[in-house]
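A short write-up of the structure that comes next.
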Amino acid sequence: MKQTACAVLAAWLAALASVASAGDDAPAPPEPRRSQLVNMLLEDCGSCHGMTMKGGLGPPLLPGSLAGRDSGALSRVILDGRPGTPMPPWRPFLSPEEARWMIDLLKKGVPHAR
Amino acid sequence: MLARVLMASLALALAACAPAPPLRGTGDLGLVIERATGQVTLIETTGRSAYATVKGLGDLSHASVVYSRDGRYAYVFGRDGGLTKLDMLRARIAARVVQAGNSIGGAISQDGRVIAVANYVPGGVRLFDADTLAPLADIPARFDGGARRAKVVGIADAPGERFVFSLFEAGEIWLVDAKDPRHPRVTRFEGVGREPYDGLITPDGRYYVAGLFGEDGLALLDLWHPEAGVRRILDRYGRGEQRLPVYKMPHLRGWAVAGDLAVLPAVGHHEVLLVDKRDWTEVARIAVHGQPVFAIAQPGGRRVWVNFAFPDNDTVQVIDLPSRRIVATLKPGRAVLHMEFTPRGDQVWISARDDNTVSVYDPESFALLARLKVDHPSGIFLSARAFATGF
């Protein structure tokens, strides 16, 4: 991997560390699962929401767009999708804790986001 | 060690003061998008190698490319609205503008003079001078009596200096006559179906097909008879079966049209549909390994290569059209994103994002010919696209 991709990963991992220490948030999953989830967020969620989460076919998932929204409800959107829209359910691939952890991460924001 | 460093810097210095690079053609050149780093790797298919890297193209997490009519310049459409004109011979950026907040792709006019970019935000199409990238016209994708703007998808060039594209939220297809690119004329086709997600034009430039996400079916516009309007084809191809969730939208550009057959995706099903292009009726459906993203005709038209959405994206299948059978299942790497054939079909280049590789196969024997290290590769675009309608 080249610098930018590494920087992105590093920044995310740094963000994870702060999320993990932020009290009532979902616990950070152990490695290597954690890296897999970050990769999934950037790449597979990114194919609709943009790799920088600024939106694509799906809406932006930036801190500003998620602020004040109920984390439980948002993580249920990840798990069950939004029927009638292109947002698919990810329950076959994610535990409820992992989905919740993804929301915590998104609310913190992608430090590198341009 | 010191000697080596010295030698390397001397070689660099030499390269810098060297006279013009030797003359060469552009017909065997191409580029690979590096999804995560905002750079592209330039490739040549004669020696099957990478010859340069160009940085500074912005957010390429979704990107597509068209070529100038002489194959020298690549126009790269980035996710962040960046439009970059790349000199393939000098391996550097010739011009670049950031023309929107969020874009999905673009097209080049038949005469090569106009670049059209399709944008999500703000929803619409913008036209640019292919030479200078100076703006020529803005076509906002307004619907709902002008109150809302739709995301534009599936843009293609059409004969007669026209562009055709679809409006996701509006369910419309627009045909734009850009003969006078500062004053484009728009013909709207409304109510073509729910949520067109992408489109393609057949290689002869006659038919535009939009895939629908919001219902089972596709929308067809015959550009020989635009006055006849848009009609629905393959209606209810799901036959009421439960649709599976879609983890990645199929990309229709470049979907196989070979002989009398067109191959089209059944969204939400592990199937491709074979359609008779003479009357656009279904002739067969072929069960495949997962949800198809691309289905690319091998030059010659006998075989079609298909890749798949998450979580089946480590696989490529090869369909033999006459027998309608799958003749090969390949595993080129993790997260296969794209496949591109050399124009005469002696090689197929396949990107595997999560393995950071681009592999070159012999399409007949499936032998691996070369493997290149490329950081998070996604789209592969060869300059031969310059000579094809709809690419």
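So that the names make sense, note that chain A is the first sequence line, chain B the second, and so on, each numbered from 1.
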Give the member of A/C48, A/C45, A/P86, A/G55 that has the highest number of heavy-atom pairs under 4.5 Å with chain B. A/P86

Tell me, out of A/G46, A/G56, A/G81, who's got the most heavy-atom pairs with chain B below 4.5 Å. A/G56

Heavy-atom distances under 4.5 Å only: say whether A/M87 touches chain B with side chain, backbone, both or neither. neither

Does any backbone or side-chain atom of A/P83 lie under 4.5 Å from a heavy atom of chain B? Answer side chain, backbone, both or neither. neither

Hey, do the aromatic rings of B/F308 and B/H270 have their centres closer than 6.0 Å?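 Ring centroids of B/F308 and B/H270 are no less than 6.0 Å from each other.
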
Between B/F168 and B/F143, ring centroids under 6.0 Å: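 Judged by ring-centre distance (under 6.0 Å), B/F168 and B/F143 do not meet the cut-off.
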
Checking B/R35 against A/E43 for the salt bridge (charged side-chain N to carboxylate O under 4.0 Å, His left out) test, could you report, in this order, the C-alpha distance in whole Å, the side-chain angles of both residues, the deciding distance, and whether it holds? CA-CA 9 Å; B/R35 208 173 125 69; A/E43 303 287 359; 2.4 Å; yes

Using a strict 4.0 Å threshold on nitrogen-to-oxygen distance, state whether [X] and [Y] make a salt bridge.
X: B/R253; Y: B/D198; result: no
X: A/R100; Y: A/D104; result: yes
X: B/R243; Y: B/D216; result: yes

Is it the side chain or the backbone of B/F213 that comes within 4.5 Å of chain A heavy atoms, both, or neither?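 The side chain, not the backbone.
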
By a 4.5 Å heavy-atom criterion (distance strictly below it), what part of B/Y197 contacts chain A: side chain, backbone, both, or neither?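 Neither part.
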
Among B/P245, B/S103, B/A335, B/S378, which residue has the highest count of heavy-atom pairs closer than 4.5 Å to chain A?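 Ranked by contacts with chain A, first place is B/P245.
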
